[in-house]
Visitor: 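First the structure, which I've put down as C-alpha cells, then a few questions once you've had a look.
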Amino acid sequence: MQDLGRRVPDDLAVVGFDDSMRRALDCRPLLTTIRQPVEEMAAEMAEVLMAHIAAPGRLPRSVTFQPTLVVRESA
C-alpha cells in the first residue's frame, strides 16, 4: 500500500486473523487482529476426544468459541 501512496490507517484499515503475536507486532503500524482462544479450543478438543474414546457411539457436539478483537494501530 505504501508503494501506491496509501497510509494505514489513514486511508485504509488492515485487520489480520489469529493474532500471531510475532507477525502482528512486527508490522508497522502494529496490526489490529482477531484473536481466537487457542488454549480453550485445545482443552475442549481434548475433552471431546476423551469422551469419544470413552463412548465411541456418542453423537458429536458442536462448540462455539468467541473471538476477541485486538485493536492496534492498523485500524
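Numbers here simply count residues along the sequence, with the first being 1. Values in this document were obtained by computation on a predicted structure and should not be read as measured data.
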Visitor: Is there a path of hydrophobic side-chain contacts, each under 4.5 Å between heavy atoms, that joins Leu30 and Val71?
Guide: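 No, because Leu30 and Val71 fall into different hydrophobic clusters, even though each may have its own neighbours under 4.5 Å.
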Visitor: Tell me if a side-chain donor or acceptor on Ser74 pairs with a main-chain N or O of Val14 at a distance below 3.5 Å.
Guide: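 Yes: the side chain of Ser74 pairs with the backbone of Val14.
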Visitor: Counting only heavy atoms not in Arg6, do more than 12 sit closer than 6.0 Å to its CZ atom?
Guide: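 Counting other residues, nucleotides and ligands, CZ of Arg6 stays at 12 neighbours or fewer.
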Visitor: Look up atom CG in Leu69 and atom CD1 in Ile34, then write down how far apart they are to the nearest 0.5 Å.
Guide: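 One gets 4.5 Å once the value is rounded to the nearest 0.5 Å.
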Visitor: Treat each ILVMFWY residue as a node, draw an edge where side-chain heavy atoms are under 4.5 Å apart, and state whether Leu12 and Leu4 are in one component.
Guide: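 Yes, one cluster joins them.
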Visitor: Knowing that exactly one of Val15, Thr32, Leu31, Thr33 qualifies, which makes a side chain to side chain contact (heavy atoms under 4.5 Å, CB included) with Val70?
Guide: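 Only match with Val70 under side chain to side chain contact (heavy atoms under 4.5 Å, CB included): Thr33.
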Visitor: Taking all non-hydrogen atoms of both residues, which atom of Gln66 and which atom of Pro37 are closest, and how far apart?
Guide: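 Heavy atoms of Gln66 and Pro37 come nearest at O-CD, 3.7 Å.
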Visitor: With a 4.5 Å cut-off on side-chain heavy atoms, are Asp18 and Gln36 touching?
Guide: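 Heavy-atom side-chain distance check passes, below 4.5 Å.
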Visitor: With the side chain counted from C-beta on, respond yes when Arg61 and Glu44 share a heavy-atom pair under 4.5 Å apart, and no when they do not.
Guide: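 Yes. Closest side-chain heavy atoms under 4.5 Å.
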Visitor: Show your working on salt bridge (Lys or Arg N to Asp or Glu O under 4.0 Å) between Asp19 and Arg35 and close with a plain yes or no.
Guide: CA-CA 5 Å; Asp19 196 32; Arg35 179 182 296 154; 2.6 Å; yes
Visitor: Restricting to non-hydrogen atoms, name the atom on Glu73 and the atom on Pro9 that form the minimum distance, rounded to 0.1 Å.
Guide: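 Nearest pair, atom of Glu73 first, then Pro9: O-CG, 3.2 Å.
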